[in-house]
Amino acid sequence: MKIIVLMKQVANKDAILRINKEATWIEEGDLSYEVNESDGYALEESLRLKEKHGGGEVVVCSMGPQRVKSVIKDALARGADRAIHVVGDDTLRLSPFAAAWVLAEAIRGEQADLILTGLQSDDNGYAQTGVILAELLGVPHATIVIEVDAAGEQLRVKRELESGWYQWYTIQKPALLTIQSGISQIRYATLKGIMAAKKKEIKEVQPALEALAAAAHQRVTKIYFPLKTKQTQFLGDGDAKAGAALLAEKLRTEARVF
Amino acid sequence: MSNGILIFAEHRDGAFNKTSFEALAAAQQLGASLNQPVVAVVLSTDAALAQEIAGYDVSKVISVESPKLNEYTPDGYTDAMEQAVRALDPQYVIMPHTYLVRDYAPKLAARFGKGLISDCVRLTAEGGSEVVFSRRIFLGKIDADVVTDGESPVFATFQSGAFRGDQAKRGAGAVMESMPVEVGEIRMQPEPAFQEVKQAVDLTKANVIVAIGRGIKGEENIAQAQALAEALGGDLAASRPICDAGWLPIDRQIGSSGQTVAPKLYIALGISGAIQHLVGMKNSDTIVAVNKDPEAPIFDIADYGIVGDIFEVMPVLTEEVKKLKG
Ligand SMILES: Cc1cc2nc3c(=O)[nH]c(=O)nc-3n(C[C@H](O)[C@H](O)[C@H](O)COP(=O)(O)OP(=O)(O)OC[C@H]3O[C@@H](n4cnc5c(N)ncnc54)[C@H](O)[C@@H]3O)c2cc1C
Ligand SMILES: Nc1ncnc2c1ncn2[C@@H]1O[C@H](COP(=O)(O)O)[C@@H](O)[C@H]1O
């Protein structure tokens, strides 16, 4: 089975975000990056499927500037076989359709049996790329997948629905699945894996992005910190311990919870 | 010329998903600003569903009908909605940002060569000015204003809670129509939806909940939060990553894929406040947030906030509560 995993590099969760002067995006200069959370689980699932079903190939595909190589190399060290890097500096500004279109062009020729993506990116948060990609590639899809059974001719996948409900789907191959976080425990890269990764292929493709960016149906005009809607009483003024003592008092006298 | 606002009303097992009415309120606001009619679309033959939507201020209710729509599948819904959108030719298609909509609507939009403006929290379209959709990015930390090139149809989805369902205007006199559609091959077969074995812990009855997030860092630190919960006579709960890691069982998870609670007191320790967590606890009477990041979205809904390290707060708060309780 040939599996393609889409992995996006995003700003570190704990990074302090600053908005740029033009208010069009965040300051990227001193930002640290990591792999998008659900994409890490997508990779893990693809490696497990390969191990369980006797081989095949896991191909990682990531789109972005040269820095995304660190996500690719990490995936190769964990066990992916090779990678496709769709190179572009401004890919974060692509509309969800344009981003999916570029990715579709990059992986179409691979004729994969299975394509896994994360269910949502932690920066743009479109929650769309996988589904649009499936449509563009002409394959069926399932979203928010938390279990994959690939033993049979067809796939059987468990989807998460709202408020603690679940549902199994049987779905034809080739297919695209968007993977939910937490589906399994993610493995670490071993030293051996890191050494082996050095010899693995990373193919670069350079799409013409300008035309796509210009034809975007949706465009961000500005970004800003959300307006606070609730009057929060901040306690302690930077001194957490003093804040805690004050809080106990307030919980008793104002909120009357004890 | 494209005209009108189409609202997709989602239902399951003969009842509307309540966020459908929130999306309806959004569609009505847009319709009023642009002076355009709102048309509701229901993918069902169930007359009671169409009747219910017809009780709202909409110009038309269209029941889109095919035997292949009895059960939700992304293939079936996309085919059906594509035909409805092409036939009705609206300027905007508004939907609730539910799991079901996330599952098929990007595919629908792709049939029109575009994506969704997804998970919006606000809409501004005063006095015929340009329509601006605002959505949250970076897990709720930043807002982005989005405009379109004006080409119809524009697909937008609204986050749960962005509008109030009870503010959807009532009305009468909506025209009811049915629209039979041809649905093509369905490439996925759903089995019946189910819930996992009965949950052991029912947090919906808890008076006090102390919830931990990734800020707790390690499993070994949970005891400190547990001690606070005990001092307050409350229960321990968590954000999703804590349950994903197996540090607490899934029945302690709060949020869109866990439990929805509204205790007298909810203390969020090291939780950033992603929307999927907020929907599960934002109706709590008193909300306390402790987070070292002053911009964490959880502070948006907190009555009391401490900007600082939970490991300094937990022991002091536990001791002070014990003291005050005597
Ligand atoms: C379809 C879907 C369904 C989901 N369902 C759920 C759900 O049901 N429930 C849920 O919770 N999530 C759910 N999520 C995940 C959600 O989007 C967030 O990823 C998750 O809630 C984040 O958890 P967190 O706040 O604990 O972690 P993070 O977002 O990583 O936040 C950790 C916070 O701790 C703070 N912190 C770190 N160290 C300290 C310290 N020492 N002292 C003080 N503060 C500290 C940081 O500043 C940060 O704000 C879902 C996501 C999707 C896409
Ligand atoms: N630039 C990218 N490179 C690789 N994968 C991506 C990229 N953008 C989005 N994806 C994939 O699409 C998923 C959903 O992203 P989004 O639609 O932005 O929420 C992510 O979890 C990734 O798996």
Side-chain angles (χ1 to χ4, degrees), chain A residues 11 17 19 95-97 122-128 131-132 134-136 140-144 160-172 181-182 217-226 228-230 232-236 238 240-241 243-245 247-248 250-252 255 257-258, chain B residues 74-75 98-99 102-103 106-107 110 113-119 137-139 141-149 151 187-191 193-196 208 232 240 244 256-258 260 264-265 286 288 295 299-309 312-313 316-317 320-321 324-325:
Chain A
L17 303 177
I19 291 169
S95 70
F97 183 80
D122 291 342
D123 48 14
N124 275 326
Y126 292 137
Q128 300 181 54
V131 178
I132 299 177
E135 172 67 12
L136 294 175
H141 74 268
T143 59
I144 322 194
E160 183 180 305
L161 309 179
E162 270 141 5
S163 344
W165 286 80
Y166 303 91
Q167 190 166 30
W168 283 94
Y169 272 73
T170 306
I171 179 168
Q172 296 172 10
S181 295
H217 293 293
Q218 49 176 285
R219 183 168 55 82
V220 173
T221 52
K222 68 165 196 263
I223 72 167
Y224 47 95
F225 288 109
K228 300 257 181 270
T229 45
K230 195 152 178 178
T232 306
Q233 281 193 48
F234 282 100
L235 308 174
K241 287 182 183 147
L247 176 62
K250 298 237 175 207
L251 289 180
R252 192 175 66 139
V257 285
F258 59 85
Chain B
D75 279 354
T98 58
Y99 285 25
R102 290 172 61 127
D103 192 54
K107 184 176 173 71
K114 40 180 75 172
L116 312 170
I117 306 175
S118 52
D119 212 7
I137 54 176
F138 289 100
L139 296 171
K141 289 184 197 137
I142 293 179
D143 276 4
D145 281 356
V146 178
V147 298
T148 73
D149 62 0
E151 193 187 298
R187 298 167 295 175
M188 58 285 290
Q189 288 83 45
E191 295 169 31
F194 63 97
Q195 278 181 303
E196 297 291 16
V208 174
L232 286 162
R240 178 168 190 131
D244 281 351
S256 63
S257 43
T260 299
K264 272 184 80 174
L265 173 64
T286 298
V288 173
E295 301 289 350
F299 287 126
D300 274 9
I301 61 154
D303 300 283
Y304 301 101
I306 298 177
V307 177
D309 190 340
E312 290 185 15
V313 170
V316 176
L317 187 55
E320 291 296 317
V321 167
L324 290 175
K325 276 190 150 178

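We use all heavy atoms of the structure for the numbers below, so side chains are in, but hydrogens, waters and symmetry mates are not. In what follows, chains are A, B, ... by sequence order, proteins preceding strands, each numbered from 1.
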Carefully, step by step, assess Leu232(B) and Phe258(A) under the rule side-chain contact (heavy atoms from CB on, under 4.5 Å).
CA-CA 8 Å; Leu232(B) 286 162; Phe258(A) 59 85; 3.8 Å; yes

Heavy-atom pairs under 4.5 Å with chain B: which of Phe225(A), Trp168(A), Tyr126(A), Tyr224(A) has the most?
Tyr224(A)

Determine, step by step, whether Tyr304(B) and Phe234(A) satisfy the ring pair (Phe, Tyr, Trp, His ring centres under 6.0 Å) criterion, reporting the C-alpha distance in whole Å, the side-chain angles of both residues, the deciding distance to 0.1 Å, and the verdict.
CA-CA 6 Å; Tyr304(B) 301 101; Phe234(A) 282 100; over 10 Å; no

If you measure from the Lys or Arg side-chain nitrogens to the Asp or Glu carboxylate oxygens, is any gap between Lys230(A) and Asp303(B) under 4.0 Å?
yes

Contact leader toward chain A among Ala144(B), Gly308(B), Gly115(B), Ala302(B), where contacts are heavy-atom pairs under 4.5 Å
Ala302(B)

To the nearest 0.5 Å, how far apart are OG in Ser257(B) and CH2 in Trp165(A)?
15.5 Å

Among Ile301(B), Val208(B), Asp119(B), Thr260(B), which residue has the highest count of heavy-atom pairs closer than 4.5 Å to chain A?
Ile301(B)

Interface moiety of Leu136(A) toward chain B, non-hydrogen atoms closer than 4.5 Å
neither

Ignoring hydrogens and geometry beyond distance, is a side-chain donor-acceptor pair present between Thr221(A) and Asp145(B) at under 3.5 Å?
no

Quick check: closest heavy atoms across Ser118(B) and Gln128(A), and the distance to 0.1 Å?
OG-NE2, 3.2 Å

For a 4.5 angstrom cut-off between non-hydrogen side-chain atoms, does Ile137(B) reach Ile223(A)?
yes

Based on non-hydrogen pairs under 4.5 Å, which of Thr286(B), Val321(B), Val313(B), Val147(B) is most in contact with chain A?
Val147(B)

Heavy-atom closest pair, residues Gln218(A) and Leu116(B)
NE2-O, 2.8 Å

With a 3.5 Å cut-off and no angle check, do the side chains of Ser256(B) and Glu162(A) form a donor-acceptor pair?
no

Any salt bridge between Glu312(B) and Lys241(A), counting N to O under 4.0 Å?
no

Do Glu151(B) and His217(A) come within less than 4.5 Å of each other through their side chains, counting heavy atoms only?
yes

So, does Thr232(A) use its side chain to make a donor-acceptor pair with the main chain of Gly305(B) at under 3.5 Å?
no

Which heavy-atom pair separates Ala110(B) from Glu135(A) by the least distance, and what is that distance?
CB-CG, 3.8 Å

Rounded distance (nearest 0.5 Å) linking atom OH of Tyr169(A) with atom CZ of Arg187(B):
13.0 Å

Quick one: which of Asn124(A), Thr143(A), Ile19(A) has the most heavy-atom pairs under 4.5 Å with chain B, could you say?
Thr143(A)

Closest-packed option against chain B by number of heavy-atom pairs under 4.5 Å, given Pro226(A), Ala127(A), Gly243(A), Ala244(A)
Pro226(A)

Of all of Val307(B), Asp300(B), Thr148(B), which one pairs up most often with chain A through heavy atoms under 4.5 Å apart?
Asp300(B)

Please flag which part of Ile144(A) lies under 4.5 Å from any non-hydrogen atom of chain B: side chain, backbone, both or neither.
side chain

What residue in Pro140(A), Ala134(A), Ala11(A) has the most heavy-atom pairs under 4.5 Å with chain B?
Pro140(A)

Can you tell me how far the CG atom of Leu161(A) sits from the CD atom of Gln195(B), to the nearest 0.5 Å?
10.0 Å

Pair Asp244(B)-Ser181(A), side-chain hydrogen bond (donor to acceptor under 3.5 Å, both in side chains): steps then yes or no:
CA-CA 7 Å; Asp244(B) 281 351; Ser181(A) 295; 5.2 Å; no

Is there a side-chain contact between Glu191(B) and Thr170(A) (heavy atoms, below 4.5 Å)?
yes

Counting C-beta onward and ignoring hydrogens, is there a side-chain heavy-atom pair between Leu17(A) and Ile142(B) closer than 4.5 Å?
yes

Assess whether a salt bridge exists between Glu160(A) and Arg240(B), defined as any Lys/Arg side-chain N lying under 4.0 Å from an Asp/Glu carboxylate O.
yes

Name the member of Lys250(A), Lys228(A), Arg252(A), His141(A) that forms the most heavy-atom pairs with chain B at distances under 4.5 Å.
His141(A)

Which distance, rounded to the nearest 0.5 Å, do you find between the CZ of Arg219(A) and the CD1 of Ile117(B)?
11.0 Å

Hey, does Leu251(A) have a side-chain heavy atom less than 4.5 Å from the side chain of Val288(B)?
yes

